[in-house]
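Right, one structure below, let's go through it.
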Amino acid sequence: MKGLDNSYHHEGYTAYTKEPLSAYDIQKLVEYRNISRWVKISTPSIYKKVLQLEEKGFIKGTMVKEGKMPEKAVYTLTPSGDAQFETLMMEISRKPVHIFLDLNAVIVNLDSLPRRQQETCLAQIEENVGLLQSYLEENILAKEELPDIPATGMAVLHQQALLAQAIGTWIASVRENLADR
């Protein structure tokens, strides 16, 4: 189905399969799961996607009032949304795996820069990869003992840590090769 075939939409569906959630709850879940580090996603796009999914009949909104708080819409997956979620899971799992790294645009164009700027770019990338590695290690340590963190969520965190480690090793070798030239 057009517009529902990427991981962002998949994650939106995942949020609905657990429990009824408001758009705000979904935004907080995206922040908590650090999804925006893996997928380009913004708060306005979450709200827009909720409305689109409801329009298509994949989710159903219900107004609820909790205590003295104002009413809010919470959304649950409909049977057709559940079927679409399963279809989407199967479609995504059959697709080739692509790894897109913004830093590769810098790497392939390094030769177009003066030597000093090349070194600066590589040092900045290496620093940022190090920051990512530290962040992921801290995140893993903070979450690995929490009972409400699903094993699949931890698996993705470990995957990201391994990828960051590999990129760190690789960028160090790129810097070394540049120094040897």
Side-chain angles (χ1 to χ4, degrees), residues 1-54 56 58-59 74-78 81-107 124-174:
M1 185 160 271
K2 187 175 183 204
L4 292 175
D5 60 354
N6 67 33
S7 57
Y8 159 64
H9 302 298
H10 172 259
E11 186 57 44
Y13 269 113
T14 302
Y16 296 117
T17 62
K18 304 287 182 197
E19 61 189 68
L21 296 172
S22 68
Y24 176 78
D25 295 331
I26 295 166
Q27 175 198 338
K28 289 300 172 194
L29 184 61
V30 165
E31 288 172 13
Y32 176 72
R33 290 184 175 179
N34 298 305
I35 292 165
S36 59
R37 286 187 162 271
W38 308 327
V39 178
K40 292 189 191 277
I41 187 172
S42 66
T43 298
S45 66
I46 292 170
Y47 287 89
K48 183 178 177 185
K49 183 49 57 185
V50 164
L51 296 175
Q52 290 172 349
L53 291 172
E54 186 175 33
K56 293 178 180 184
F58 295 144
I59 60 173
V74 295
Y75 299 90
T76 54
L77 211 52
T78 63
D82 191 44
Q84 179 62 19
F85 172 74
E86 290 177 15
T87 299
L88 185 58
M89 291 283 287
M90 298 309 292
E91 285 177 8
I92 292 172
S93 68
R94 283 191 298 267
K95 288 185 175 188
V97 175
H98 300 284
I99 299 176
F100 297 105
L101 301 172
D102 293 342
L103 61 91
N104 283 339
V106 174
I107 301 301
Q124 290 174 163
I125 291 170
E126 193 168 33
E127 180 183 345
N128 285 321
V129 170
L131 290 171
L132 176 61
Q133 285 177 289
S134 296
Y135 167 80
L136 290 166
E137 289 166 9
E138 290 171 18
N139 203 359
I140 288 169
L141 287 173
K143 292 182 178 172
E144 66 187 349
E145 300 301 322
L146 297 177
D148 62 331
I149 305 296
T152 52
M154 288 305 298
V156 170
L157 271 177
H158 285 286
Q159 172 215 61
Q160 295 294 301
L162 286 169
L163 289 170
Q165 181 182 24
I167 293 168
T169 301
W170 168 79
I171 199 69
S173 73
V174 171

Open item on the list: If you define the side chain from C-beta out and look only at heavy atoms, does anything of E126 sit under 4.5 Å from V129?
Closed with: no
Output for pair (N128 CG, L103 CG), nearest 0.5 Å, gives 9.5 Å
When rounded to the nearest 0.5 Å, the distance separating CD of E145 from CD1 of I140 is 12.5 Å
Taken to the nearest 0.5 Å, the spacing of I26 CD1 from I59 CD1 works out to 6.5 Å
Distance col, row H158:NE2 vs L163:CG, nearest 0.5 angstrom, shows 13.0 Å
dist I167:CD1 -> Q133:CD (nearest 0.5 Å) comes out at 9.0 Å
Nearest heavy-atom contact between S22 and Y75 is CA-CD1, 4.3 Å
With sequence neighbours left out, the residues meeting side chain to side chain contact (heavy atoms under 4.5 Å, CB included) with E86 are D82
### Query
Under the side chain to side chain contact (heavy atoms under 4.5 Å, CB included) criterion, do Q165 and L162 qualify, and how do the steps go?
CA-CA 5 Å; Q165 181 182 24; L162 286 169; 3.9 Å; yes
* Asked: Just wondering, more than 12 heavy atoms not from L141 lying within 6.0 Å of its CG?
  -> yes
Taking every heavy atom of Y47 against every heavy atom of Y24, the minimum-distance pair comes out as OH-CA, 3.5 Å
Rounded to the nearest 0.5 Å, the CG atom of L53 sits from the NZ atom of K48 at a distance of 12.0 Å
Shortest non-hydrogen pair, A23 vs V50, comes out as CB-CG2, 4.2 Å
| said: Do I107 and I171 have side chains that approach each other closer than 4.5 Å (heavy atoms only, starting at C-beta)? | reply: yes
For a 4.5 angstrom cut-off between non-hydrogen side-chain atoms, does M154 reach L157?
yes
Worksheet item: Is the side chain of T78 donor-acceptor paired with the backbone N or O of F58 at a distance under 3.5 Å, no angle test?
Response: yes
Do side-chain atoms of N139 reach the backbone of L136 as a donor and acceptor pair under 3.5 angstrom?
no
Heavy-atom closest pair (A164 atom, L132 atom, distance to 0.1 Å) is CB-CD2, 4.0 Å
